[in-house]
Amino acid sequence: MSKQKQKFPALRLVVLAVAAGAIAGAIAVYVKGGLDGNTAATPIVAEADNAACSAKQEKAKAVGDAATGHVAAMLAADPPRSLKNLGFNGPDGEAMTVADFSGRVVLMNLWATWCTPCREEMPALDALQSAKGSGAFEVVAVNVDRGDDEKPTTFLQETGIEALGYYRDASMKIFNDLKSQGLALGLPVTLLIGEDGCLLAHMNGPAEWGSSDAEQLIDAALAEPE
């Protein structure tokens, strides 16, 4: 497959809809279900941390340039910003933040069982974690289903997801926090975050994360500065 940038149809529609001010139409392109946007967002970006992240502009551009083929919809953060305070629950059910992954590059994906594109890309995210997961990188798939754990855990078991950790936020607060930053229109939404908690790239909509294109993107995020 050509490595030229390939914009997904969904992304083109999102861009056109946003330009026209029709956000609701953009969300409908890739969300099958509903989102509860009533949970209040809280500040997740600290100015002091942002000052350090602003120096990551060249890194973000390099990551964006590496987003080709199946992951071409991944956009370089402009500007990079700190997401250290972005919160959710870990596999043990305890509250945690992006800061807990300090020293690791994180590909964070928000998903729900009612979101058809989310369900379809979970095996690919699992494959990416199997291929690239290490002490330096982790795929962090955060489920945002309302209610208890029954639906998401049953789905993961039935789908044969084995490599991914189980991260959760039943309150949808994480979605609203990202929405307040202009980073989330609907589900799925994916963020590529550096080892220092700085956002490097982001996208709305699904992608083929089990591809060599995705591995190339992760390699670019892991690369040491020249």
Side-chain angles (χ1 to χ4, degrees), residues 3 5-8 11 14-15 18 41-88 90 96-110 125 128-129 131-142 165 167 169 173-185 188-205 207 209 211-226:
K3 294 291 184 180
K5 287 273 187 176
Q6 301 174 10
K7 297 297 182 184
F8 285 86
L11 180 67
V14 168
V15 173
V18 171
T42 54
I44 58 172
V45 177
E47 290 304 320
D49 292 327
N50 268 349
C53 289
S54 64
K56 302 292 183 178
Q57 191 73 57
E58 289 188 12
K59 178 72 171 184
K61 182 181 184 303
V63 170
D65 290 344
T68 61
H70 288 293
V71 295
M74 203 74 167
L75 304 175
D78 186 20
R81 69 196 83 169
S82 176
L83 295 182
K84 284 184 178 180
N85 296 334
L86 187 64
F88 45 96
M96 63 182 303
T97 67
V98 167
D100 291 307
F101 293 94
S102 178
R104 274 177 285 177
V105 170
V106 167
L107 184 79
M108 179 173 288
N109 176 276
L110 271 58
L125 287 165
L128 180 61
Q129 174 63 20
K132 303 294 290 185
S134 68
F137 171 74
E138 183 174 348
V139 177
V140 177
V142 183
Y167 298 95
D169 179 15
K173 181 179 179 298
I174 188 172
F175 175 84
N176 286 294
D177 286 342
L178 292 172
K179 181 180 177 183
S180 73
Q181 291 291 313
L183 296 173
L185 297 176
V189 57
T190 307
L191 313 167
L192 187 54
I193 304 170
E195 66 279 357
D196 47 9
C198 297
L199 177 67
L200 298 176
H202 59 97
M203 68 175 288
N204 281 267
W209 296 108
S211 64
S212 59
D213 296 322
E215 292 191 23
Q216 173 182 284
L217 177 68
I218 301 309
D219 287 341
L222 290 169
E224 295 291 336
E226 295 183 359

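The structure presented is a predicted model; accordingly, all values stated were derived computationally and were not measured.
- In this structure, the separation between CG on Asp196 and SG on Cys53 is 5.5 Å, given to the nearest 0.5 Å.
- Between Leu192 and Ala221 the shortest heavy-atom distance is CD2-CB, 3.9 Å.
- Summarising the geometry, atom CD belonging to Gln129 is positioned 12.5 Å from atom CG belonging to Asn109; distances are rounded to the nearest 0.5 Å.
- Atom-to-atom distance recorded for Leu107:CG and Ile218:CD1 is 5.0 Å, nearest 0.5 angstrom.
- A donor-acceptor pair under 3.5 Å is formed between the side chain of Asn204 and the backbone N or O of Leu183.
- Remark: the backbone N or O of Met203 is not paired with any side-chain donor or acceptor of Thr190 at under 3.5 angstrom.
- For the atom pair CD of Glu138 and CG of Leu128, the computed distance is 11.0 Å after rounding to the nearest 0.5 Å.
- To the nearest 0.5 Å, the span separating OG on Ser82 from NZ on Lys56 amounts to 11.5 Å.
- Under the 30°/60° scheme for interplanar angles, the aromatic rings of Phe101 and Phe88 are found to lie parallel.
- The environment of CD in Gln57 is crowded: more than 12 heavy-atom neighbours from other residues, nucleotides or ligands sit within 6.0 Å.
- Put simply, the side chain of Lys59 gets close to the backbone of Ala220: a donor and an acceptor are under 3.5 Å apart.
- The shortest non-hydrogen separation linking Met108 to Ile174 is SD-CD1, 4.1 Å.
- Minimum interatomic distance between Trp209 and Ala214 (heavy atoms only, all atoms of both residues): O-CB, 3.3 Å.
- For the pair Ser54 (side chain) and Ala51 (backbone), a donor-acceptor distance under 3.5 Å is present.
- Remark: side-chain polar atoms of Asp213 are paired, donor with acceptor, to backbone N or O of His70 under 3.5 angstrom.
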Give the intermediate values and the outcome of salt bridge (Lys or Arg N to Asp or Glu O under 4.0 Å) for residues Lys132 and Asp219. CA-CA 9 Å; Lys132 303 294 290 185; Asp219 287 341; 2.5 Å; yes

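- The CG atom of Leu191 sits 7.0 Å away from the CE atom of Met74 when rounded to the nearest 0.5 Å.
- When all heavy atoms of Gly64 and Ala76 are compared, the pair lying nearest together is CA-CB, 4.0 Å.
- Gln216 places a side-chain N or O within donor-acceptor distance of the main-chain N or O of Ala66, the cut-off being under 3.5 Å.
- Contact annotation: the side chain of Asp169 never approaches that of Leu110 to less than 4.5 Å [non-hydrogen atoms, C-beta and beyond].
- Between the side chain of Asp100 and the backbone N or O of Thr97 there is at least one donor-acceptor pair closer than 3.5 Å.
- Smallest separation of non-hydrogen atoms from Ala67 and Val71: CB-O, 3.4 Å.
- Between Arg104 and Phe137 the shortest heavy-atom distance is CG-N, 4.0 Å.
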